[in-house]
Protein chains: 2
Amino acid sequence: MISGKFAITIHILTLLHKFPNDYMSSEYIAGSINLNPVLVRKEIANLKAHHIVESKEGKNGGTKLAVNAAELTLKQIFEMTFETIGLGFAKNQPNPDCPVGKNINQHLENLYSEMNQKVSAQLEGISLEDFSNQF
Amino acid sequence: MISGKFAITIHILTLLHKFPNDYMSSEYIAGSINLNPVLVRKEIANLKAHHIVESKEGKNGGTKLAVNAAELTLKQIFEMTFETIGLGFAKNQPNPDCPVGKNINQHLENLYSEMNQKVSAQLEGISLEDFSNQF
DNA sequence: TAAATTTGTAACATATTTTATTACAGTATG
DNA sequence: CATACTGTAATAAAATATGTTACAAATTTA
């Protein structure tokens, strides 16, 4: 999962923030996202690895937020979902004997790195709580 | 082609800028990118549609820049390659009966739209000439 | 303690998107 | 007229993303 990872993760977290008292089941969350529960559990596994949520197995089990939503920024979520802003690279290694081919990827990386800084600055200013309170 | 479109297009344009006197063949360009020549011709077709390059068929034919590299911005290239900055959406339509599901995509779009503005502003300040002169 | 429910995870299947290849008609050059 | 290009369609292959099934392990509650 790459393309929907950030969107799915933020959807999960928004739901958890809206229902702070319960352990929510992956089945229920999956119903809101309209996604297979196994995929929800996979994203939750990622969130757990970053100690953003905790979950409980067994009957009446599920997942809930383990951090303060006001202190979790979209930038952190962005980074947890392994996303990087950019406009892509050509798939194959360019020709190293061509002065352009030899250096293009480095120059693209520099360009994208600047983009990331701008986007990160934007996302750092938005907390999960901010995002969730829009709903 | 999506992921490499911007990178490939800017690679093509940089080459054309470096060799302003010739009509470059798609075969030659493909050799620098290490890409199939047919795919190069497809990207060139897109550039032609935007009147950024012109090309000549037949023997000794090829493609060359049709605009002033100092006046072509990376933002224009970005837009020509149909790219939009964002962090993706879940593939399926979320549940419209859930207050979160119902509105998540709109909120994500708002967020991404802000990103686009920032990135566009950055790219608008860089011309093809600027980019090419780094090499 | 047994039944029910839920997570965690692996293995596999399907769908979608990207990239590559083949083929060939049309066009200009020398 | 032979050669070397573009333009484009059709198809194939590869890569990536998403979906499904299955089941062990954990926990609750009756």
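Numbers restart at 1 for each chain; the letters A, B, ... are given by sequence-line order, proteins then strands.
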TODO: Could you encode protein contacts along nucleotides 20-30 of chain C as a string, one character per nucleotide from 5' to 3', using B for base contact, S for sugar-phosphate-only contact and - for no contact, with a heavy-atom cut-off of under 4.0 Å?
DONE: BBB---BBBBS
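- The side-chain contact (heavy atoms from CB on, under 4.5 Å) test with B:Ile8 singles out one residue from B:Thr81, B:Ile33, B:Ile29, B:Leu13, and that residue is B:Ile33.
- In this structure, the CG atom of A:Asn46 is 16 Å from the C1' atom of C:dT7, given to the nearest Å.
- We find that NZ of A:Lys64 is positioned 17 Å from P of C:dT6, with the value rounded to whole Å.
- Looking at A:Gln76, its side chain does come within 3.5 Å of a backbone N or O of A:Thr73 through a donor-acceptor pair.
- Contact annotation for B:Ser26: backbone-only contact, meaning every heavy-atom pair under 4.0 Å involves sugar-phosphate atoms and none involves a base.
- Every side-chain hydrogen bond (donor to acceptor under 3.5 Å, both in side chains) that B:Asp130 has, sequence neighbours left out, goes to B:Ser127.
- Within residues 10-22 of chain A, no residue has any heavy atom under 4.0 Å from DNA chain D.
- In this structure, B:Tyr23 atom OH and D:dC5 atom C1' are separated by 13 Å, rounded to whole Å.
- For C:dT6, the OP1/OP2 oxygens have no side-chain nitrogen or oxygen of A:Ser55 closer than 4.0 Å.
- Applying the side-chain hydrogen bond (donor to acceptor under 3.5 Å, both in side chains) definition to pairs two or more places apart or across chains, those involving residues 26-35 of chain B are B:His11-B:Ser32, B:Ser26-B:Arg41.
- B:Glu54 is linked by a side-chain hydrogen bond (donor to acceptor under 3.5 Å, both in side chains) to B:Tyr23, counting only residues two or more places apart in sequence or in another chain.
- Of the two residues contacting DNA chain D, namely B:Met24 and B:Phe89, the nearest-nucleotide position lying further toward the 5' end is that of B:Met24.
- Taking B:His107 as the reference, A:Phe135 meet the ring pair (Phe, Tyr, Trp, His ring centres under 6.0 Å) condition, with sequence neighbours excluded.
- In this structure, the salt bridge (Lys or Arg N to Asp or Glu O under 4.0 Å) partners of B:Glu79, at least two apart in sequence or on a different chain, are B:Lys75.
- Residues satisfying the side-chain hydrogen bond (donor to acceptor under 3.5 Å, both in side chains) test with B:Thr14, not counting sequence neighbours, are none.
- Per the geometry, CD belonging to A:Glu54 stands 13 Å off P belonging to D:dT27, to the nearest Å.
- The side-chain hydrogen bond (donor to acceptor under 3.5 Å, both in side chains) search around A:Ser25 returns none, not counting sequence neighbours.
- Atom pair B:Tyr28:OH and D:dA4:P shows a separation of 18 Å (rounding to whole Å applied).
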